[in-house]
Protein chains: 2
Amino acid sequence: MNNPKTVSDRRMGPSGSETWHAMLDGAEYILREEGHAQLTSRRIAERIGVKQRLVYYYFKTMDDLIVELFRRLSMRELERLREASHSERSLREIWNTNVGTTDARLISEFMALANRIDELKHEVIRFIEDSRAIEVDAIAAAMTRKGVSSPISPSALALIAASVALSLSREEQLGVRSGHDELTAVVEGFLSSLER
Amino acid sequence: MNNPKTVSDRRMGPSGSETWHAMLDGAEYILREEGHAQLTSRRIAERIGVKQRLVYYYFKTMDDLIVELFRRLSMRELERLREASHSERSLREIWNTNVGTTDARLISEFMALANRIDELKHEVIRFIEDSRAIEVDAIAAAMTRKGVSSPISPSALALIAASVALSLSREEQLGVRSGHDELTAVVEGFLSSLER
DNA sequence: GTCTATACACCGATAGAC
DNA sequence: GTCTATCGGTGTATAGAC
């Protein structure tokens with residue numbers, strides 16, 4: 001919102017410490033429940049019961065905090081995806097992960113923030129590419145394993161699946177349900193056909 | 001950002017006037033090019049060369065301005081969709097509209113704002129439902145016309161198409177291209193099959 | 001590691017004159 | 001229809017003490 005722009009070489013706290021995580025926990029809660037407009041150093045401090053000054057002991061700038069928050073979140077999400085991809089019914093587990101774990105609101109807030117914070121944008125790109133790679137590999141492996149083939153390539157299928165999962169989550173949250181049951185049935189049919 | 005909360009019954013200017021549109025034009029530019037954090041009454045006034053006070057002559061609050069901006073944009077978009085749905089190759093025209101007209105950045109900014117502004121959220125819901133209805137009808141009509149049938153219902157297909165178009169636009173803007181060519185080819189094949 | 005205190009900028013919204 | 005002037009409030013970020 002404002003303009004100091006010069007960032008001094010003030011003393012900084014260690015990343016990964018308990019308080020550091022508490023601040024990101026608070027920030028994540030605020031971003032999900034109250035939105036980007038409320039994601040301020042004052043609000044974070046208030047939420048975890050410290051003074052505002054301390055936020056700037058652990059994070060150089062607010063933008064920096066936001067980037068770290070996304071980094072932590074995306075690393076956890078990638079871990080879930082990797083785990084899912086190694087399971088018995090990998091595609092179903094991946095689908096459930098995509099449709100279920102991260103809040104749609106959180107995603108839309110980060111998307112908008114990425115338009116403004118360049119480093120966040122690069123983290124988002126990296127996350128999309130990494131998660132996509134996991135999904136493409138899982139689809140290709142599952143098809144080979146079951147000996148089925150599709151006129152649609154694994155990479156196109158992965159993109160369709162990711163897009164659809166995102167839209168389902170977002171619309172579900174908004175309260176729009178047109179076509180959801182039909183589409184869920186289509187996905188279910190596809191997953192079942194690969195589990196026989 | 002602030003707290004006045006009480007909105008007086010001050011004198012207001014007419015909606016739809018030239019200056020009113022100029023303000024929304026400015027707001028749209030700022031939202032697309034600079035993001036929601038820069039979308040302020042002062043910035044809008046500066047952009048179109050008037051004083052800040054005037055913004056509050058035409059709009060009761062900033063939230064109100066944002067809602068009006070989305071309303072104007074979505075009405076134009078629905079108009080394009082209706083026009084496309086009446087054309088010869090309706091599905092292709094609708095696809096091009098979805099993938100091309102409105103900037104992906106603008107969409108993500110509105111999505112985030114809708115988390116906070118309740119009236120905007122309802123406008124977004126209405127827009128999704130209205131555009132979806134047009135697309136479902138167009139798909140059903142095209143299939144009947146060509147005498148083809150699909151194991152996927154028109155409403156599920158419409159949801160898939162809308163999701164995929166949105167993701168393609170967003171990723172394209174971010175610079176992610178994984179699976180895009182393959183998916184575009186799939187869509188092209190589907191559209192061609194309905195044009196024979 | 002955490003605090004008090006503070007500089008400085010900016011924002012939403014209003015009153016009332018021209 | 002547009003302006004000057006202003007109030008009250010919040011934000012980022014810093015200096016420096018404990």
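Residue numbers begin at 1 in each chain, while the letters A, B, ... track the order of the sequences. Scope of the values below: all heavy atoms of this structure, side chains included, with no hydrogens, waters or symmetry mates.
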I'd like to know if the side chain of Asp137(A) pairs up with that of Ser85(A) as donor and acceptor (distance under 3.5 Å, no hydrogens or angles considered). no
With no angle test and no hydrogens, is the base of dT10(D) tied to the side chain of Arg42(A) by a donor-acceptor pair under 3.5 Å? no
How long is the line joining CG of Leu54(A) and P of dT4(C), in whole Å? 11 Å
Please check the phosphate of dG1(C) (OP1 and OP2 only) for any side-chain N or O of Tyr57(A) closer than 4.0 Å. yes
Please figure out whether Arg11(B) or Arg43(B) has its closest DNA chain C nucleotide nearer the 5' end. Arg43(B)
Atom-to-atom span, CD of Glu34(B) to P of dC11(C) - whole angstrom: 11 Å
Between dT14(D) (C1') and Met12(A) (CE): distance, integer Å: 14 Å
Candidate nucleotides dA17(C), dG11(D), dT14(D), ranked by approach to the side chain of Thr40(A) - the nearest: dG11(D)
Nearest to the side chain of Tyr58(A), heavy atoms from C-beta on, is which of dG12(C), dT2(C), dT2(D)? dT2(C)
Are Leu174(A) and Leu159(B) in one and the same hydrophobic cluster, where Ile, Leu, Val, Met, Phe, Trp and Tyr link if side-chain heavy atoms are under 4.5 Å apart? no
Whole-Å distance, Ile44(A) CD1 to dT10(D) P, equals 17 Å
When the distance from CG of Asp9(A) to P of dG16(D) is rounded to whole Å, what number comes out? 12 Å
Out of dC3(C), dT12(D), dT6(D), whichever nucleotide has its closest atom nearest the side chain of Val50(A): dC3(C)
With a distance cut-off below 6.0 Å to the six-membered ring centre and an angular limit of 45° from the axis, does Arg10(B) pair with Tyr56(B) as a cation-pi contact? no
Just to confirm, is there a sub-4.0 Å distance from OP1 or OP2 of dT2(D) to any side-chain nitrogen or oxygen of Thr19(B)? yes
Between C1' of dC3(D) and CD of Gln52(B), the distance in whole Å: 12 Å
Side chains of Glu135(A) and Asn98(A): any donor to acceptor distance under 3.5 Å? yes
Check every atom of dA13(D), dG12(C), dT4(C) against the side chain of Tyr56(B) and return the nucleotide holding the closest atom. dG12(C)
Nearest to side-chain heavy atoms of Pro14(B), which nucleotide of dC3(C), dG1(C), dG1(D): dG1(D)
Would you indicate, yes or no, if dC3(C) has its OP1 or OP2 atom less than 4.0 angstrom from a side-chain nitrogen or oxygen of Arg53(A)? no
If you compare every side-chain N and O of Arg10(A) against the phosphate oxygens of dT14(D) (OP1, OP2), does one of them come in below 4.0 Å? yes
Measure from CZ on Phe59(A) to C1' on dT14(D) and round the result to the nearest Å. 18 Å
To the nearest Å, how far apart are Ile30(B) CD1 and dC11(C) C1'? 14 Å
Mind checking whether Met62(B) and Leu39(B) have side chains closer than 4.5 Å, heavy atoms only? yes
